[in-house]
Structure formats: C-alpha cells, structure tokens
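For reference, the structure is listed below as structure tokens.
The figures that follow rest on heavy atoms only: side chains count, while hydrogens, waters and symmetry mates do not. Chain A is the first sequence line, chain B the second, and so forth, proteins listed ahead of strands; every chain is numbered from 1.
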Protein chains: 4
Amino acid sequence: MRIKDEFKQEAVINATVKLVNQIGFVSSSVSKIAKEANVSPATIYIYYKNKEELLVSTYVEIKKTLGRELLKNIDEAKPFRDILFNLWMNGFDFITQNRDLFQYTEQFASSPYSDLVDSREYDVYFEPIYRVLKKGTEQKIIKNVPFEMLAAFIFFPLMTLANPKLCKSIELNKETIDQAFSMAWDAIKL
Amino acid sequence: MRIKDEFKQEAVINATVKLVNQIGFVSSSVSKIAKEANVSPATIYIYYKNKEELLVSTYVEIKKTLGRELLKNIDEAKPFRDILFNLWMNGFDFITQNRDLFQYTEQFASSPYSDLVDSREYDVYFEPIYRVLKKGTEQKIIKNVPFEMLAAFIFFPLMTLANPKLCKSIELNKETIDQAFSMAWDAIKL
Amino acid sequence: MRIKDEFKQEAVINATVKLVNQIGFVSSSVSKIAKEANVSPATIYIYYKNKEELLVSTYVEIKKTLGRELLKNIDEAKPFRDILFNLWMNGFDFITQNRDLFQYTEQFASSPYSDLVDSREYDVYFEPIYRVLKKGTEQKIIKNVPFEMLAAFIFFPLMTLANPKLCKSIELNKETIDQAFSMAWDAIKL
Amino acid sequence: MRIKDEFKQEAVINATVKLVNQIGFVSSSVSKIAKEANVSPATIYIYYKNKEELLVSTYVEIKKTLGRELLKNIDEAKPFRDILFNLWMNGFDFITQNRDLFQYTEQFASSPYSDLVDSREYDVYFEPIYRVLKKGTEQKIIKNVPFEMLAAFIFFPLMTLANPKLCKSIELNKETIDQAFSMAWDAIKL
DNA sequence: GATGAATGAGTGTTCATTCAT
DNA sequence: CATGAATGAACACTCATTCAT
C-alpha cells in the first residue's frame, strides 16, 4: 500500500497556520487550506476527523511547543527574578521568532473552537511555571495573588507588546524589553 | 430623519451585539441579524453598505460609548493616582455592566475586520486619557514609556481579569479590584 | 418586494418528480433538481427547510391527489362490488395516467425518508375507503380480515400489474383489467 | 483459490447485507462496507469491478438462495394446492428467517440498480415454479392468466404481509398465514 | 424607505474509485 | 492478493448581496 506521506500532513498544518495568519480564522476554509497545502480536501479528512479537529490539534501542538520553549535553559537554582526573566525572554523569543504560530494561538483562543480544547493535553508543559510562581509567593518574593492575576501582569503585557497590531510604534530592542520586564516585575514583586 | 427608521437601525445594532454574544462572530450572518431585529435583510443594506460596515460601525459606536464612560466624573484637579483609579474603575464598571458590548469589541478586535477600522473615528474620545498620562509622565509621577506600554500594564490586565473565560476562578470584589489596580500602579509609577 | 413566483415552486416539484423517475431517488440531488427546474439550489431552500422536507411534502401532495382521485364519482349507494370496482379503476386510471407521480410514491415508500412522514396528513383522504371496506366486512360481503390484508389482495396486485418493470409482458386492456379485478374480488369475497 | 480469500469475499457480502439493513441502501458506502467486513476498500475492487457489481451480484446470490429454498421438499406428486402451499410456506419461512436477506432484495428491487440485473442468472432456480403453475393452468385447476398475474396474487401479498413496515398490526401466526394463503388460493383457483 | 424572493459562490464533508507498495 | 493513502467530484446546505415591487 501507499505509505502515509508525513510531508503531506505537515503541509496541511503549515497551510493552516499560514492561511489563518493571512486571511483570518473565519475565512480559512478547508478547501482553501487544502489548496494551499497542494492536497485534496478529502485528504485532510484522512488525518483529521473534521475541521474542528484540524484546528484544535494544530492549536494544541503549538501550545506544547510554546510550553517547551518557555522552559528552555531554565535553571531553578538561580534567583527568582532571573528565572522569571528567563521565562519572559523565552516567551518573547518564541513570539517574535514564530509570529505566525503565536498569532494562530491568539486567534484560536478568541474563536468558538477554544471551548473545545482540553487544556490538560498541554497543561503539563506549563506546570513548572505554576510551580516557580508558587515558590516565589511562598518565599514572599512576589505578591500573594491568584495565578491568573500574576499572568495578567507578566505574560499578557508581553503578548500585547509583541503584537504588532496593538503596538505599532514600539520598537522591540533590548532596552524596551528590559523596561517592559521591569514594569512587570514592579507589578508583582512584594 | 424619521423616528421609525432610528428604531429600526437601533434594533439592527442591538441584534448584532446580541447575536454575536449568543452564537459568536462567525455564525452571526446578516439574515440571522435581520431576523433577530425583525427586519428584512435588504433593510440592513439601506443603513450599511455591506456586512463589514455594519460590524465596523457597531464596533466604533461601542468604542465611543466606552470612551465616554471612561471619562465620566473625571476630575483632573485630583491627584494623579486618583484620576487613574477613577478611569480604571470606570472601565471596570463598563465591562461588567455591559458585558455584551465588551465581548463584542473583544471578538471584533481579534477578527480580520479590526484592520478596517479607522481609529481616528473614536480616538478623540480617548484623547483626554492620553493627555492625563502624558501629564503624569511629565510630572515624573509615572515612568516615561510609550503610551501603548502604559496601556499594556493598566488596561489589558483589567480586561483580562474581567474576561470570565480567562479568569474563571477570580472573584471580582472590592478587594481583588483594589489589589489589581495597585499592581497596575506599581508597574507604571516611578 | 419581489413577489413569490408560484411557477418556480411548481417547477421545483415537477423537476423533483421527473428526476426521481429518470435517475432514481438516490441520484436526485438538490442541485440536479435545481438545474432541472431552472432555479438556484438556494431557491429550493426558500420553499423547503431541507431536502427531506422537499421530498416528504412532494410525497404527501401526491398522496392527497391520489386519495382524491380514488374517491372520484364513488356512489356509496351502489352495490359493494361496484363501489370496489370503481375504486379499483380510479386507482388504475391514476397509476397509468400519472405514471411519474405513482412511481415517485413507490420509490419514496421504499426509501428511508418514508419513516419521516406523518400519515395523518393524508389519511383523511383515504378514510372513506377504510369505511367502505369495514361496511363490506360487517355486511358479510367480504372476509373478516385485517385491513392491511385486504389491501394486500386488492391494491397491491393492482400496483404490481401497473408497474411496467414488474409486468413487462402484460398488456393492460379492458379484459386483463377485468380479469385482475375479478381475481382480487375472489380473494376477498366471502 | 485460497481459503482465506473466500472468507474475505463472504465477509464482504455479509457486511453488505448487514449494512443495508442497518443504515439503508443509500448510506451503505463502499468504505463503510469495507470497514464492516474488516477489509480494505481496495480489496472489494479485487472481487468486484465496482460498487454496482457488488450490489447486483449480492442480489443475484440471494435470489438464487431464495429459489433453492422455495423448492425445498417440494413433491410434485402431491395435489396441486398442496404443492403451492408448500412453496408459499417455504417463501414465508425464508422471509421471516432471513429477514435481512429479504429486506436487501426489497431495497435493491426498488433501486435503479435493479435495471442492471440479468434475470437469466437466477431464472433457472425459479423455472420449476413456472412449470408447476403452468401444469395447474393446463389441468384447469387455476385460472388461465399470465404468470405475472398469478405471482401478483400469490407472492406479492406474501411479501406485503411479511413486510413489517407495511403490516405493523398483523401478527403472523399459523392462523393468519393459513387465512392469507387461502385468500391467495381463492384468487387464482378456477 | 422597506421588503421577501432570489441567487452564485461558497461551506464542511463524503463518495466511489485508483494509486503505490 | 491485499492494503491504507489519496483524490476529484459531488453532496446538502448557508452566505452576503441584489432584485423587483
């Protein structure tokens, strides 16, 4: 029999991300994705049960990658602020170097498909971050507030800054990055 | 302009917002909006050139309202932090009391339609906020960073916290609100 | 506004029946029906909620017509056998003169759509037939067996004979018709 | 021929009949049949040129079986009515004991595929029945009418009664069966 | 101004069949 | 012989928009 063409599936994923970035989530139809991937629409249904599964599984894959990237070269022995800065910069690097992947997750998160994701599929990749922040709280280094609030002041500003649509005029050089992190730090530190 | 017409147009806008909240941006078709507004699809095309204009202008209207609400009872003579807190609480009140309008803007902002908005249409309503922040910078009360960065640390966390999807577990009482504002303040104050 | 074009709807019904007769129930797709009726596929969905409704309501309409035709010129004062013969000939005339309508009902009845029909919609047209047969039973003219069994020996042979596919070699002249009815009569009479 | 292959082909036939009974003729796609038979879709195309041939040949096989079953234990020396009753009961037994096979033939017969069958493939199995009926006619035991007409009064009522969709309320016990046969007999006897 | 009818182009999805192994 | 991968064409249906009144 014909062997499964891994390239084809990868082409589908790439086409999905590319199209979502180019024309948006809504307009990215299965047939357009198929055309972009040089594949028949029917082929997509070999790999994925339906459109939902294509979009959701693409999202989950990206989230896993993001989780892995965030924790790259993290040394938990370092001072807390340094760990956080590492995390932050890893996030920044991922966002800027994989703008299309990042943008896909942003669009996905605000789409009705986002309700269909079982976050447990990738939560494990983010668990170390919870743990680090919890330790910071316990050691009275950062404020004792819910995790979501910490995230709202650390990671959401990061995402905002990295979003060229929202921050057209901000040049993202070493200085602004440091400045932004230091603001995030001021927000959460005790 | 006849009174009857205004009612119709208003019904269309309300139906748009209501439907977007009920079934999402994607599924809100012109004919469904028309049905919800008790109006013919063709009628909508009397008021708006096309669907895009309907969605964009609805967005702009909400932005204008938001701008007006933000500046309610703002006394520029007060101390800077109090002014900011007022702004912040006005924003919080708007979001929680007009969740449907807010949710519409969120969905709109992450749709491809958002590229089509000319922000100058509502910027004037937000201009006082720019001015206040600028004064704060000049008086060395807050950090001297681009406006978007300030916004990223003041208003985006607010929106994040008010988003029930993102912050399921956070109860929004007086205490958490104060806490959140104080974190935002720590982030931007000098 | 544009007024509803009765001709269009009729064209759709005719096209449905015609196509079902030409290419069968299964191959008669909405788009083919639309093309045959010189109408856009979308137009069909103005008249009918979905394909099912188109097929079912076409069936019901034909059944109503059949019911009306069967009872044409029936004089319940006549002898029982004559009434039955009248019914029988009315049926025969309908089948042979509206072969396409009849064939549609045959195909429909053996399609999965047939489960979706609420027979109460047309039962009223056939009620007089029930009544006549019941009277025949009570007056000990015909055998006291369930209605379906009577039908199986009166009307199903009729349908079989009128079906050119099943009875290729039988010429349907006055003599064969009389012969067939007399066989049906022998089957049910006491 | 290898044993393994026969199993596969038989599995395909069984799957075809089973699926047609479960989900109907229309929905029974080649891939679903293949899945049900634990076989690749491509395998089916080794045994059959195309879907049509699969369906038609399955039909023909069933017809052959039916022919064989009808003639089981037929003793042409018996009185004519007894022979006929034997045939009739054999038919009844086949229908009730192989409802799935019978239902398949019913669905097939009212599908456009039925035009593609060459009845000569199985006619030989039914030839004895022709012969018996012909003798009955010659011996002036039954009416001298075309074979199809006899069939319409003997076998079609039988099929009608055995069709649970058409005869929901009729319980098929010894008594009703006898009654039905006697009606058929009244119809054809001289 | 206001409308319901009408539509071509598109949607997600399944199909019978063929390909390459 | 047997297979899972692959596909173009078709499916039922919805869309944003325009037409005719």
Fill in the blank from the handout: Rounded to whole Å, CG of A:Leu55 lies from P of E:dT13 at a distance of 10 Å
Practice task
Go ahead and name the base partner of E:dA20; Watson-Crick or wobble counts if both distances stay under 3.5 Å, otherwise write none.
Solution key: F:dT3
Practice task
Please determine if a side-chain N or O atom of D:Tyr48 lies less than 4.0 Å away from the OP1 or OP2 oxygen of E:dT17.
Solution key: no
Problem - Gap between atoms CD1 and P, on A:Ile44 and F:dA5 respectively (whole Å) - result: 16 Å
Problem - Minimum-distance nucleotide (side-chain atoms of B:Ile46 versus E:dT3, E:dA6, F:dT7) - result: E:dT3
Practice task
Just compare E:dA16, F:dA2, F:dT7 and give me whichever is closest to any side-chain atom of A:Ala42.
Solution key: F:dT7
Exercise for the section: Could you check how far CD1 of A:Ile23 sits from C1' of E:dT11, rounded to whole Å? Expected result: 13 Å
Problem - C:Lys35 NZ to E:dA9 C1', straight-line distance once rounded to whole Å - result: 14 Å
Problem - Backbone of C:Val17 reached by a side-chain donor or acceptor of C:Asn21 within 3.5 Å - result: yes
Handout entry: Residue met sooner reading DNA chain F from 5', once A:Asn38 and B:Val30 are mapped to nucleotides
Key = A:Asn38
Practice task
Please report, rounded to the nearest Å, how far the P atom of E:dA16 is from the NZ atom of D:Lys51.
Solution key: 4 Å
Handout entry: Any B:Tyr45 side-chain N or O less than 4.0 Å from OP1/OP2 of E:dG1
Key = no
Problem - Any A:Lys32 side-chain N or O less than 4.0 Å from OP1/OP2 of E:dT11 - result: yes
Problem - Sidechain-backbone polar pair: A:Tyr59 side chain, A:Ala109 backbone, donor-acceptor under 3.5 Å - result: no
Practice task
Check whether the side chains of D:Gln9 and D:Tyr48 place a donor and an acceptor atom closer than 3.5 Å, and report yes or no.
Solution key: yes
Exercise for the section: By nearest nucleotide on DNA chain F, pick out whichever of B:Glu52 and A:Val39 is the more 5' one. Expected result: A:Val39
Practice task
Take atom CZ of A:Phe7 and atom P of F:dA5, then tell me their distance rounded to the nearest Å.
Solution key: 17 Å
Handout entry: Pairing partner of E:dT11 (Watson-Crick or G-U wobble, both distances under 3.5 Å)
Key = F:dA12
Completion exercise
Comparing nearest nucleotides in DNA chain E, the 5'-proximal residue of the pair A:Pro41, D:Ser28 is A:Pro41
Problem - Contact nearer the 5' end of DNA chain E, comparing B:Ser40 with A:Ser31 - result: B:Ser40
Handout entry: Euclidean distance, atom CD of residue D:Glu53 to atom P of E:dT17 [Å, nearest integer]
Key = 11 Å
Problem - Test side chain to side chain contact (heavy atoms under 4.5 Å, CB included) applied to B:Ser28 and B:Thr16, step by step - result: CA-CA 8 Å; B:Ser28 297; B:Thr16 305; over 6 Å; no
Practice task
Check whether any side-chain N or O of A:Tyr47 sits under 4.0 Å from OP1 or OP2 of F:dA5, and answer yes or no.
Solution key: no
Handout entry: D:Lys8 vs F:dT3: side-chain N/O to OP1/OP2 distance below 4.0 Å
Key = yes
Practice task
Using atom CZ of D:Phe25 as one end and atom P of E:dA16 as the other, report the distance to the nearest whole Å.
Solution key: 12 Å
Problem - Parallel, tilted or perpendicular: ring planes of D:Tyr113 versus D:Phe108, cut at 30 and 60 degrees - result: parallel
Fill in the blank from the handout: Heavy-atom nearest pair, C:Val30 first then C:Ile44, reads O-CD1, 3.8 Å
Handout entry: Pair of N/O donor and acceptor under 3.5 Å linking E:dG12 base with A:Ser29 side chain
Key = no
